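Here is the structure we will look at.
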Amino acid sequence: MTGMQRSRWTADRAAHRRLLPFVVVLLAWAPVQAAQPDDLRALERDARRASVTGHFSEALAGWADAERILAGQGDEVGLARVLIAKSAVYAALGRLPDALDAAGRARELARSQADSALLAAALAALGSARLTSGLAAPAESALREALALAEQMDLPAVNAAARNDLATLAAARGRHAEAAAGFAEAARVAARAGDAELAAAAAVNRARSLVDSGDTSSVREAFADAERRLSASPPGHRKAFGQVGLGQLHRRAGFESEAERTLHAAADTARTVGDARALSFARGYLGALLEERGQIPEALEATRDAVLAAQRVDAPEILYRWQWQSARLLRAGGATDTALGAYRRAVATLQRVRPDLDRGVVGPGATFRERVGPLYLQLADLQLRAAAVEHDPTHRQARLREARATVEMLKGAELADYFQDDCVAQFRARTVGVDRLAPRTAAVYPILMPDRTDVLLSLPDGLRLVRVPVGAEAIAREVHAFRQLLVKRTTHEYLRHARQLYDWLIRPLEAHLAAQDVETLVLIPDGPLRTVPVAALHDGTGFLTERYAVATSPGLTLTDPHPIPRDDLRLLAIALSDPVQGFPPLPDVDTELGAIVELYGGTVLRNDDFLVPSVERELTEKIYSVVHVASHAQFDGDLSKTFLLTYESRLTMDALGTLIGTTAFRDEPVELLALSACQTAAGDDRAALGLAGVAVKSGARSALATLWFINDRASSVLVSKFYRHLKSPGISKAEALRRAQRELLEDRVYRHPAYWSPFLMIGNWL
């Protein structure tokens, strides 16, 4: 996608993010320069008019022309003023780095000119750009500096804009009373400045903060104030989006008739000024309201208007929403085949823009799965239902592969969302087609639906669909109970849940597995299933690991089924046995490393040698096929809290990916990354997603890691046995792990699955 294409489709994204949920005011105001040539005045007039009507690309072109003229004249004051305006337009186009750059340049120019009024405006613009980019602390610093200057110099427009954005920060931090008061003051000051649009925006924001806080006693009054201020605003982009925002607030508060009326008014305003983006939101949200009422034909009409408006301005970020809405409405109306086409279009549109979806104005918002995961699953649902009634074997296989491909897109997107790095969706590990499984291997692909679980079983001769009449919520409850009890080494209460999950997920597959003489199961877990080791599932007589070698993968297309070379396995062993940074010692690590080095030789970096520069030097200058790390590692639902402990610091996943990722495209990349002291929070699906994706993120072909931190000695024993079995020719990594687990299972000291089951073979299992 080119920069210009990206700017077109992200225009609504930025506007939607700022106005829904809160209006972040990217200030287009600056002190007016006295004498200007007629052509410059015309350029600025046209650019401002284009901004008012939502034609941001035209506005940007006008401001760019003005910038060239002013730069040629050496007019730094005028140039700073134009850069402030450009920053607002860049933000409206979703080009946030450009918005930050323009506002930052304006600030430096204002400082060089010692122009305090201009500096206040530039700081307000910079604060708003930072806020829109999710940079909360730097945004607050710039906004408070802008507010202080604005109060000192009596600049009410800058004062109001800064107050509005500071109140948005307070709301994002959950300080709703403070936010409501800040928005009220911003509206008052904006009205004094004669900026009716800003006053209306602040009033809508105040109403939203009151709704968020649950302050029902003041909501009606706040709604009335916002509506009054919007009515007093001139027609324009900001007014239309303010009306859309107010309509959505009415809808949230349960005031349906007011919501419908306000959304109609927003559409009228958008039509008046020719603002297709605002029209798309107004008609789309009206369609959503009518969908909730069950008025399917009317909802479809409004939604189709929204689709057409989004297409008119080439805005796929909003287009996919209304395509998705159309698909739901068509399905509700019984037009299943037409709905299937609409779902496919919605997913295709989303895939076009998905790498650029962000998390909102400040702080993390909903995860990718929570926001748009249902779109993929609803499409997969229809595809699987179509496959279930398809009689032609060839067509049935094609439909099953299509459904699996849809879920694969979701899994890749979830990894990219967690790691905030779309490279993982490009499968940095070397990959092959999803159907090229090794002999006597089956991939178990559970897809959790609200009303059932569909298990896609990939076998060397094709796909099978096994339907289990148990929905996602029931699976999640059983999984969470299993995980909580499994870590308790003094009880066997986990067994009831281990058997139940086996009965749901594995028993229905047994006949297929037996017919193909399957020895290895590759699980591609979904949602909560990522948080538990399936090796510990129990059929009533034994554990799953006693019958099968088990591997896990975040997705079939994220796995490269290629055997590890045994003739020249080169080891880098990194260990931390001393207590550092508040973490306890790992005294059995020395025994663990001794056993591995005795088998393979290799290089050892231990304790104060385990420094990031040392690891980087080894991986850059030498070729290693196995990197074994015996140190504390924590996987959290928040990527910023996920780390690997080194002697002097905490290594983030990004840093780990940078270190090991340098080998990913060599002829001999890292085949196995072993992390023998990992910890994920119980019940945290997202943390387990990070663990599942560590091989992909790091660029290694596979990873051996634990779901929870276990007894140091048990870990050392299992890891030593794993490497001993791995040395045997013809033994896969998954089989080596199974044999090590079975040996612990046969030891009365370590037979409880809390000791051996948390070890997962992730990625390439061969």
Side-chain angles (χ1 to χ4, degrees), residues 482-495 498 531-538 542-546 549-552 571 573-579 583-600 606 626 628-635 644-645 672-682 688 691 694 703-727 731 733-762:
F482 179 45
R483 169 65 189 266
Q484 289 176 346
L485 294 170
L486 191 59
V487 298
K488 297 180 178 180
R489 300 191 297 268
T490 58
T491 175
H492 289 81
E493 294 176 86
Y494 69 86
L495 264 174
T531 67
V532 291
V534 295
L537 300 189
H538 202 281
F543 293 101
L544 191 67
T545 195
E546 297 181 76
V550 179
T552 187
L571 172 73
I574 309 168
L576 195 63
S577 58
D578 290 348
F583 284 82
L586 298 171
D588 285 285
V589 157
D590 292 338
T591 303
E592 177 180 318
L593 259 62
I596 300 171
V597 172
E598 183 179 350
L599 286 167
Y600 296 100
R606 181 177 168 274
V626 175
H628 181 87
V629 184
S631 178
H632 295 280
Q634 176 176 300
F635 287 82
L644 172 66
L645 195 70
L672 174 65
L673 169 65
L675 304 172
S676 68
C678 302
Q679 175 74 39
T680 62
L691 180 68
V694 68
L704 176 68
T706 59
L707 278 167
W708 59 82
F709 179 73
I710 62 173
N711 177 283
D712 183 33
R713 181 158 299 175
S715 176
S716 177
V717 170
L718 187 142
V719 166
S720 300
K721 292 179 181 295
F722 165 77
Y723 279 105
R724 177 167 53 82
H725 289 299
L726 188 65
K727 197 171 180 63
I731 299 298
K733 287 174 280 190
E735 176 62 20
L737 177 59
R738 183 181 82 91
R739 294 186 181 192
Q741 289 176 325
R742 287 193 63 177
E743 289 186 38
L744 262 71
L745 181 58
E746 292 165 1
D747 186 325
R748 69 178 181 83
V749 176
Y750 300 125
R751 67 178 53 165
H752 194 286
Y755 290 110
W756 52 261
S757 71
F759 281 88
L760 303 181
M761 179 54 59
I762 304 164

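Values in this document were obtained by computation on a predicted structure and should not be read as measured data. Numbering starts at 1 and runs along the sequence shown.
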Between atom CG of Leu675 and atom CD1 of Ile574, what is the distance when rounded to the nearest 0.5 Å? 9.5 Å
Sorted by chain and number, sequence neighbours left out, side chain to side chain contact (heavy atoms under 4.5 Å, CB included) with Val749 holds for Asp747
Given side chains that start at C-beta, do those of Phe543 and Leu745 come closer than 4.5 Å, heavy atoms only? yes
How far apart are the closest heavy atoms of Leu707 and Arg483, and which atoms are they? O-NH2, 3.6 Å
With sequence neighbours left out, what residues match Gln484 under side chain to side chain donor-acceptor pair (under 3.5 Å)? none
Lys721 side chain to Glu743 backbone, donor-acceptor under 3.5 Å: no
Taking only residues two or more places apart in sequence or in another chain, which ones pass side chain to side chain contact (heavy atoms under 4.5 Å, CB included) with Glu598? none
Using every non-hydrogen atom in the two residues, find where Ala740 and His725 come nearest and quote the distance to one decimal. N-CD2, 3.9 Å
Answer yes or no for Lys488 and Tyr494: cation-pi contact, defined as NZ/CZ to six-membered ring centre under 6.0 Å and angle to ring axis within 45°. no
Could you grab the distance from atom CG of Leu495 to atom CD of Glu493, nearest 0.5 Å is fine? 10.0 Å
What's the spacing between Phe722 CZ and Gln741 CD if we round to 0.5 Å? 10.0 Å
For Glu735, the side chain to side chain contact (heavy atoms under 4.5 Å, CB included) test, sequence neighbours excluded, returns Ala549, Ile731, Ser732, Arg738, Arg739
Here the gap from Thr545 atom OG1 to Phe759 atom CZ, rounded to the nearest 0.5 Å, amounts to 12.5 Å
Shortest non-hydrogen contact from Leu486 to Pro753? CD1-CG, 3.6 Å
Candidate pair Met761 and Val550, rule side-chain contact (heavy atoms from CB on, under 4.5 Å), full reasoning: CA-CA 7 Å; Met761 179 54 59; Val550 179; over 6 Å; no
Check salt bridge (charged side-chain N to carboxylate O under 4.0 Å, His left out) between Asp590 and all other residues, then give those that pass, not counting sequence neighbours. Arg606
Apply side chain to side chain contact (heavy atoms under 4.5 Å, CB included) to Ala633 and list each qualifying residue two or more places apart in sequence or on a separate chain. Phe635, Leu644, Cys678
Please report the shortest heavy-atom distance between Val534 and Leu544, naming the atom on each side. O-CD2, 3.3 Å
From CG (Leu760) to CG (Leu704), nearest 0.5 Å: 8.0 Å
Which heavy atom of Ala551 sits nearest to which heavy atom of Ala734, and what is that distance? CB-CB, 4.3 Å
So which heavy atom on Gln679 is nearest to which on Phe709, and how close? OE1-N, 2.8 Å
So how far is it from Ile710 CD1 to Leu718 CG, rounded to the nearest 0.5 Å? 6.5 Å
Taking side chain to side chain donor-acceptor pair (under 3.5 Å) as the definition, give me every residue that meets it alongside Ser715, ordered by chain and number, with sequence neighbours left out. none
What residue pairs, at least two apart or across chains, pass side chain to side chain donor-acceptor pair (under 3.5 Å) with a residue in residues 751-760? Arg489-Tyr755
Can you find a heavy atom in the side chain of Leu673 that is under 4.5 Å from one in the side chain of Val629? yes
For Tyr723, the side chain to side chain donor-acceptor pair (under 3.5 Å) test, sequence neighbours excluded, returns His628
For Arg713, salt bridge (charged side-chain N to carboxylate O under 4.0 Å, His left out) partners two or more places apart: Asp588
Donor-acceptor pair, side chain of Trp708 and main chain of Ala754, under 3.5 angstrom: yes
Go through the structure and list residues passing side chain to side chain donor-acceptor pair (under 3.5 Å) with His538, not counting sequence neighbours. none
